[in-house]
Amino acid sequence: MTSISLHQLRLAAVSIAGSLLFAEFAESQVPAHVRPAAILTGRVSGSGAPIASATIEIVGTQARVRTDSVGRFTLISRDAGAVTLRFRAIGHSPVVRAITLRAGVTDSLNVALAPSASMLNTIVTTATMQERFVSDAPVKVDVVTPAFLRRNAGNNVMDNVSFLPGLSQQVDCGVCFTNNIRINGMEGPYTAVLIDGTPMMSALATVYGLNSIDPSLIEQIEITKGPNSTLYGAEAMGGVINIVTKDARLAPKSSVNAFATSNGEMSVALAAAPQIGSARTLLSINGAWNQRFVDGNADGFSDLPLVKRISVLNKWAVGSPAARRFEVMGRYYAEDRFGGVRAWSAADRGSSTVYGESIRTNRAELLGTYRLGNAMAPFRVDFSANWHKQNSVYGDQPYIATQTTTFAQGIWSPQRGAHAFVIGGTLRRQSYADSTQAQRTRELRFIPGVFVQDEIAIGSTVTLLGGFRLDHHRAHGVIPSPRLALKWDVTPHTTFRTSAATGFRVVSLFSEDHAALTGARQVIIAERLKPERSATVTAGVNSVFDIGGVEDAMTLDVDAFYTRFSNRITGDFDTDPNAILYRNLNGHAVTQGVSVAFGYATLRKPLFGNVGLTLQDVFLVDGGARRALPFAAGVQTVFTAGYRFANIGMTIDWTGRVQGPAALPRFAGLPSRSEWLTEQHVQLTQRLSTGRELYVAVKNIFDYVQRDAIIDPFNPFGDRFDTARVYGPLQGRRLLLGFRQTVGR
C-alpha cells in the first residue's frame, strides 16, 4: 500500500478547496439564460373563486406573470434564493409572501386575496403603453370603473363625462347636439379619444361618434390629462381618454340592459360571450330610440335630439387572459338624428321654409392586437381601420362627408435591469372629402412616427420616465415631442408625481368647423398654417389613508397644471362678412389651475363617495389683448355618493355637479357670462336575485334648464340665428326606469 505524506494531503486539500471556489465562481459567471431555472406554480383565488389576470411579481425585479382564466400561474426565474413575491389583482388588496426559490426545482404556492374597493389595484396602459397598476404608473392616470357608469345610467358614455373631475361635455350645437369632451377647459379637438388603445375617434368621427359608445361594453376608462403626443401623436395635445372594452374571455356569458325615460328615450343592450373552440367571442347589439318631441322651454325646438341608432360589435380573443395572443374587434354603427322645429318631417329635409337639422351617419370599425415575444421582451402589433360617412343637412345647407383612417403600430418593450423600454413606430393614413354648398374639399394625410421611452427604477422609491417622438407631416416636416416624468414614493401611502411635456396638433379645419362651412362664405387660409404646439408642467400628490382599520379606504389627490399653447389656429368671421379667414393666433393660450379630489370606498362599509373641485383659468392672448376662452368655467365641483342597504339588496346613488360662471360668445342683449348651475341625479338600484337588478332614477332633480341656448329661435333662416351657446342642461326633470341582468362566465 502506498503511503501518503502530510505534504500530499495539504496539496489535495488545497486542490479540493480551489476546485470548489472555482466551481462557485464559474457558476456565478454562467449566463443567466443557461442556469437551471427556479419554477413556482400555484393558484390565486378570492372569495372562493379563481381570479383571472392577477399579477405575480418578484419585488425589485422585472419578473412578472399573470394568472390564466382559472387563476393558475407559472413563474420562471433564473435568480434562485430568498425573494419577496407580490400578488395583485383588480378589486383586491395586494398580498406579499417571502419564499425561497430553488434552482432546478418546481415549488408550489396558492394565495387568496381579499376584496378591496381601492382604485390603486387597477391595471392601466395609457400612461406608458405598458400594463401598470395605477399606483405604479409614473404618469398619473384617472380610472373610471363600470360601477361608476352604472350609478348614473345612460345610453352613451357622454352622459357621465361632466361628472368627472376636470372633464366636461361641451354641446356645440343646441339643435343637432354635436358634443365633445373638454379636459381642463380646452376644447374637444385637443383630446385624443382611443378605443382599446387605438385612435378610433378622430376629426369627423368625434362630431357624433362619441354618442355611440355603449357603457355596458366598457371595462374601464383611463384618463390622462396633459400632452401625451410622445406616445399618441397629434391629437393628444390636451390629454388622452382610452375607452377599454370588455375582454371577451372575462365577459359575462350573457347580459341585457334596457331602460326608458319619461321624455321618450329608450335603450336596449344585448350581449353574449360564448366559447367557440379555442377562442372566446363577445357579440353585442345596442339600440337607442327616441321619437318624442319635447320642448320644455317653449322655444319651438326639441330639447333633445330625435334618434334612431343601432350599434353591432363583435370581439374575438385567442389565448388566456394571462397570455393574450390575439384579439380582434369589429363594429358597425348607424344613426338617424334630427333636431329642429315640431312641424318638420322627412319630406322637409333640406327645406328653406321648415327648419330642421338631419344627420345620417354610417360607420364601420376594425381593430386588433397581436402579441408575441416573452415576458422580458414582449412585442405587440396594433392595427385599426375605420370608415365614416355623414349625410347631413343643416336647415337648407347640405354637408356630406366621408372619412377613412387606417392605423398600424408596433411596440417592443424589452426589460434590461432597472430599465423598462418602450420602442415603437406608427403609420397613420387619413383621408377626408366633403361636398358643401360653398365648395368641395379633399384632404389626404400620411403620418409616420417613431418613439422611444425609458422607465428607470432608481432604488425602491423613485421612477424616472423619459420619452421622445418624431412625426413627419408632409406640410410641416418633422415634429419632435419630448416628455419627462418623475414618480417618488415618499411613504408607502404617499406618492408625488411631476412631469413636463410638449404636444402638437395639426388641425382638420373642414371637419372641426364644418357647421361654419355649410354656408355660402368663402374659406380663405390667410397664411401657411403652422401646427399648434403646447408645453405643459404638472405636479401632484396622491395619498391613501386607512380609516377605522380598513386598508386604503380614503384617497386624497392634489394636482396643479399649467399649459401654454402657441400657433393656435382661429377662424376670423368678422373681417369679411363673405369669407372665413384662418390664421395662426398672434399670441398664445393658457390653461392653468389646481384640482383636489377626495374618495372613500370600502367593501366593509355601506357608505362610499367621491368629491372633486377644479379651479382653472383658461384664456387667450391675441395681439396683446387677453380674453377668456368661452365655455371654460372657472370653478367646477363634481361628486358621487352612495349607500348600500345590504339587508334588502338596495343601493342609492347621488351624482351631481356644480359649475361656476364661464365666458360666452357675445350676442347683443345677452350676458357675456353664464350663471352658476347645478345638475344632479338620484338613482335607486334594487337587486332582485343574483345578476338581476331593477333601477329607477330621477334625472336633473332640481329641474335646472339653460335659457337662451338658441339665438333668435323663431327666425331660424335669419342672419341672427345661432345654435352655439349651450353651457348647461337642456332637458329638465325626468324619470328613468331600467332593468339589467348578467349571467356569469
Side-chain angles (χ1 to χ4, degrees), residues 32 35-124 130-137 250 320-324 374-376 378 415 417-418 420 455 457-463 487 489-495 544-546 549-553 602-604:
R35 296 179 197 166
I39 301 175
L40 180 68
T41 64
R43 183 173 181 267
V44 179
S45 61
S47 302
I51 299 177
S53 294
T55 299
I56 301 93
E57 58 188 346
I58 299 178
V59 177
T61 75
Q62 298 296 329
R64 181 184 290 113
V65 296
R66 300 177 70 191
T67 56
D68 61 17
S69 59
V70 293
R72 297 196 177 276
F73 69 91
T74 299
L75 176 65
I76 301 174
S77 175
R78 299 290 178 183
D79 298 316
V83 300
T84 300
L85 298 175
R86 182 162 52 195
F87 297 78
R88 293 194 286 184
I90 294 176
H92 295 79
S93 295
V95 167
V96 175
R97 291 282 188 272
I99 189 173
T100 299
L101 298 178
R102 297 176 291 173
V105 177
T106 299
D107 291 302
S108 179
L109 178 64
N110 296 330
V111 172
L113 303 182
S116 169
S118 174
M119 290 303 301
L120 301 178
N121 301 316
T122 300
I123 292 176
V124 295
Q130 294 176 301
E131 291 186 338
R132 290 283 186 273
F133 281 92
V134 66
S135 58
D136 294 342
L250 303 176
S320 69
R324 297 167 297 163
N374 55 52
M376 299 304 293
Q415 310 281 339
E455 182 180 332
I458 304 174
S460 60
T461 61
V462 176
T463 302
K487 171 180 171 286
D489 295 322
V490 183
T491 72
H493 294 284
T494 301
T495 301
V544 295
F545 305 92
D546 299 342
V550 179
E551 182 184 13
D552 298 344
T602 169
L603 298 180
R604 304 184 196 178

With the side chain counted from C-beta on, respond yes when [X] and [Y] share a heavy-atom pair under 4.5 Å apart, and no when they do not.
X	Y	result
L109	L85	yes
I58	S77	yes
T55	F87	no

How far apart are the closest heavy atoms of [X] and [Y], and which atoms are they?
X	Y	answer
F73	L40	CE1-O, 3.8 Å
G71	P50	N-CB, 3.9 Å
R43	N110	N-OD1, 3.0 Å

### Message
Quick one, I458 with T463, criterion side chain to side chain contact (heavy atoms under 4.5 Å, CB included). Give me CA distance, side-chain angles, the key distance, then yes/no.
### Response
CA-CA 6 Å; I458 304 174; T463 302; over 6 Å; no
### Query
Would you say the side-chain atoms of T67 pair up with the backbone N or O of I51, donor to acceptor, closer than 3.5 Å?
yes
### Message
Once side chain to side chain donor-acceptor pair (under 3.5 Å) is applied, do any residues pair with R86, and if so which ones, sequence neighbours excluded?
### Response
E57
### Summary
Taken in chain and number order and not counting sequence neighbours, the residues that satisfy side-chain contact (heavy atoms from CB on, under 4.5 Å) with T41 are I39, T74, T106, S108
### Query
Given the rule in the side chain to side chain contact (heavy atoms under 4.5 Å, CB included) test, do R102 and D107 qualify, once you have shown the distances and angles that lead to the verdict?
CA-CA 8 Å; R102 297 176 291 173; D107 291 302; 2.4 Å; yes
### Query
Got a second to check how far T84's OG1 is from I99's CD1, nearest 0.5 Å?
10.5 Å
### Task
Find the distance between CG (L101) and CD1 (I76) and round it off to the nearest 0.5 Å.
11.5 Å
